[in-house]
Every structure is written in C-alpha cells, then in structure tokens.
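In listed order, ligands and their atoms are each counted from 1. In what follows, every heavy atom counts, from backbone to side chain, and hydrogens, waters and symmetry copies are set aside.
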Amino acid sequence: MPLNDPVISEQTPSIDFIIEQRWERYSADEHDIWNTLYAQQIDVLKGRAVDEFYDGLKALDLNQGGIPDLCKLNPKLKALTGWEVVMVPHLVPDDVFFTHLANKRFPAGRFIRGRDQLDYLEEPDIFHDIFGHVPLLAQPVFANYMQAYGQGGLRALKHDCLKNLARLYWYTVEFGLMKTDAGMRIYGAGIASSRIESVFSVEDASPNRLHFDLERVMHTDYRIDDFQQVYFAINSFEELLEATYADFGPLYEKMSTDKHVHGVADILDSDTVHTKGTQTYANSGGRAAS
Ligand code: HBI
Ligand code: FE
C-alpha cells in the first residue's frame with residue numbers, strides 16, 4: 001500500500017478500521033489491472049479450483065469487468081450467506097480481524113497492486129481479498145467456517161493460542177486444497193489469487209500433500225516467503241466446519257502449554273499422505289499475496 005495514499009490519510013481511522021471504498025476514485029488503469037489479473041486467474045484455475053469457487057464468482061457477478069463496487073457486490077453476498085465485504089486500509093490487528101469475521105464482515109484491502117507487482121505482493125490487496133476470498137463466502141458451509149474461525153480467534157486471544165489459529169487460517173483459508181473425485185483442487189485464497197502457485201500447489205512434485213487434521217495443522221509452522229512445502233487437503237467444506245465446531249475449550253487449555261511445532265517438511269506417522277513430495281525445488285524467489 002502506498003504510505004502516502006491521500007485517499008486513506010484524509011480519513012480518521014476508526015476502531016474497526018473500516019474505510020469507505022470510494023469506488024469512483026479508482027483509475028482506468030487500476031480497473032485494467034483487475035481485469036488483467038482476473039482473466040489470467042480464470043484461465044489458470046480451469047480444472048484446478050473447486051467447483052464452489054466458480055459458483056461463487058458466478059453468483060456474485062465478479063466477472064462484470066473492473067474492480068468490484070461494494071455497493072453492488074454486498075447486496076448479492078448478503079442475500080446468499082449474510083456476509084458483507086468491508087474495506088480496510090491494510091492488515092488490521094488480530095482482535096479487529098476476528099471481530100469482523102465473527103460478525104460476518106470480511107475485511108478487504110482497498111488498494112490494488114501495481115503492474116510491477118502482478119505476481120508478488122507483501123500485503124493483501126483488493127484482488128487477493130475479493131477474487132481470492134469472496135467467492136467462497138457465497139458458499140454457506142464455508143461462510144459458517146469463516147464465522148466460526150472468527151469466534152474461535154477471539155477466544156484464542158484469551159488463551160495465548162493465536163499462533164495456532166493463524167496456522168489453521170494459513171493452511172485452510174489461504175492455502176487449502178480439496179481432494180475431489182476429479183483430483184486435487186484449490187480452495188485457498190492465497191493459491192487462487194496467485195498465477196504461479198495455482199499450478200505449483202496441485203501439480204508440482206516437490207510439496208507434501210497431507211490430509212487435514214485440526215491439531216496437526218495448528219502445530220505446523222508455515223513460511224510466508226516461498227511456495228508451501230506442505231499443503232493440507234480436506235474432502236469437503238463440511239469436514240472443515242465439523243472439525244472447528246468441536247468445543248475448542250479443552251484444545252485451548254492444551255495448546256496454551258503445549259507449544260510443539262512441526263517443521264514444514266515433516267511427515268508424521270499419524271499423517272495420511274496424499275502425495276509425498278520430492279522437496280527438491282529451489283527457492284522460487286517469491287509468490288503472490290496471501
Ligand atoms: N487483516 N486485513 C487483514 N487481512 C488478514 O488476512 C488478516 C488481518 N489481520 C490479521 C490476520 N489476517 C491474521 O493474523 C489471521 O490469520 C490470524
Ligand atoms: Fe488472504
């Protein structure tokens with residue numbers, strides 16, 4: 001995000017960090033960057049993303065051209081699952097983030113990346129946040145999972161388990177895969193908004209692809225500066241929601257003292273292995289935003 005963005009700095013920050021979108025202020029070039037990224041991802045995600053992702057894009061008319069206007073997007077999303085998208089200037093503090101999710105508000109960055117950053121970005125922009133995250137918020141089971149995650153996050157803060165929750169988010173909402181009859185499919189937004197990782201995550205031989213297990217994932221380290229060395233796959237969104245609907249109370253008790261962490265390349269005896277990776281890829285020098 002440009003630090004001197006005049007549109008942002010003229011607004012007084014509020015405690016929920018929400019800012020107005022002011023859609024009319026996006027330039028033709030910014031809309032064009034959205035269109036470029038959109039066309040590119042639609043192409044690369046063919047046969048690689050879960051059906052629910054396309055259903056969401058279609059139900060929300062995200063293919064209308066240009067950066068979506070929240071005034072048009074939110075009524076459609078609200079009608080489907082009760083969720084809405086709100087604009088924030090940048091990453092918001094964890095408690096603010098969880099509070100938004102618990103109240104069915106998805107905080108999305110307002111700015112869009114520049115042409116020199118089409119493939120790599122440090123902070124989530126509106127393309128990652130809306131194209132990557134919002135289609136699945138039109139899917140009721142996934143939307144419930146996101147709300148449960150926000151509620152769980154607020155409780156985790158009180159138990160000093162934030163890191164565990166952040167790993168769960170990372171390996172599901174951002175980098176999750178789904179094992180379908182047609183093969184491994186992408187549902188994580190960090191993958192779905194990245195041209196290169198969209199292919200890497202489902203086709204490359206190097207990463208491990210293991211079956212999702214709630215506690216296992218919450219104790220697994222992650223890297224933010226390269227492609228993943230491990231992906232966790234679910235069979236369905238129902239599986240994900242059921243795992244997080246369990247009473248987290250005892251889990252938080254345990255995790256507040258048990259801080260063991262598995263490395264990104266570890267395979268445990270208890271893991272269900274979908275594909276064992278070769279782990280030989282060189283550092284690629286970056287990936288798209290998550
Ligand atoms: N804020 N805007 C924004 N977007 C995020 O994805 C986000 C955040 N704040 C905190 C946060 N994510 C993470 O700490 C969570 O994964 C736990
Ligand atoms: Fe994200």
> For Lys46, what residues pass the salt bridge (charged side-chain N to carboxylate O under 4.0 Å, His left out) criterion, not counting sequence neighbours?
Replying inline: Asp43
> Aromatic ring centroids of Phe53 and Phe131 under 6.0 Å?
Replying inline: yes
> Relative to the heavy atoms of Asp94, which atoms of ligand 1 are at a distance of less than 4.0 Å?
Replying inline: 10 (C), 11 (C), 13 (C), 14 (O)
> What part of Trp170 sits under 4.0 Å from ligand 1 if we count only heavy atoms: the side chain, the backbone, both or neither?
Replying inline: neither
> Would you say Glu174 has an N, O or S atom lying under 2.8 Å from the Fe ion (ligand 2)?
Replying inline: yes
>> Within ligand 1, which atoms have a heavy atom of His90 less than 4.0 Å away?
In response: 2 (N)
>> Quick one, Glu174 with His133, criterion side chain to side chain donor-acceptor pair (under 3.5 Å). Give me CA distance, side-chain angles, the key distance, then yes/no.
In response: CA-CA 8 Å; Glu174 296 291 356; His133 285 284; 3.2 Å; yes
> With sequence neighbours excluded, what pairs up with Asp32 under the side chain to side chain donor-acceptor pair (under 3.5 Å) test?
Replying inline: Arg115
> Once the angle between the rings of Tyr171 and Phe232 is folded into 0 to 90°, is it parallel (under 30°), tilted (30 to 60°) or perpendicular (over 60°)?
Replying inline: perpendicular
> Does Val88 approach ligand 1 within less than 4.0 angstrom via side chain, backbone, both or neither, non-hydrogen atoms only?
Replying inline: side chain
> Any idea which atoms of ligand 1 are less than 4.0 Å away from a heavy-atom of Leu91?
Replying inline: 1 (N), 2 (N), 3 (C), 4 (N), 5 (C), 7 (C), 8 (C)
>> Please classify the Tyr149 to ligand 1 contact at 4.0 Å (heavy-atom distances, strictly less than): side chain, backbone, both or neither.
In response: side chain
>> Can you name the atoms of ligand 1, numbered from 1 with element, that are less than 4.0 Å from a heavy atom of Phe98?
In response: 17 (C)
> Relative to the ring of His219, is the ring of His262 parallel (under 30°), tilted (30 to 60°) or perpendicular (over 60°)?
Replying inline: perpendicular
> Which angle, to 10 degrees, forms at the Fe ion (ligand 2) with NE2 of His133 on one side and NE2 of His128 on the other?
Replying inline: 90°
> Minimum heavy-atom separation for Tyr187 to Ile234, with atom names?
Replying inline: CE2-CD1, 3.5 Å
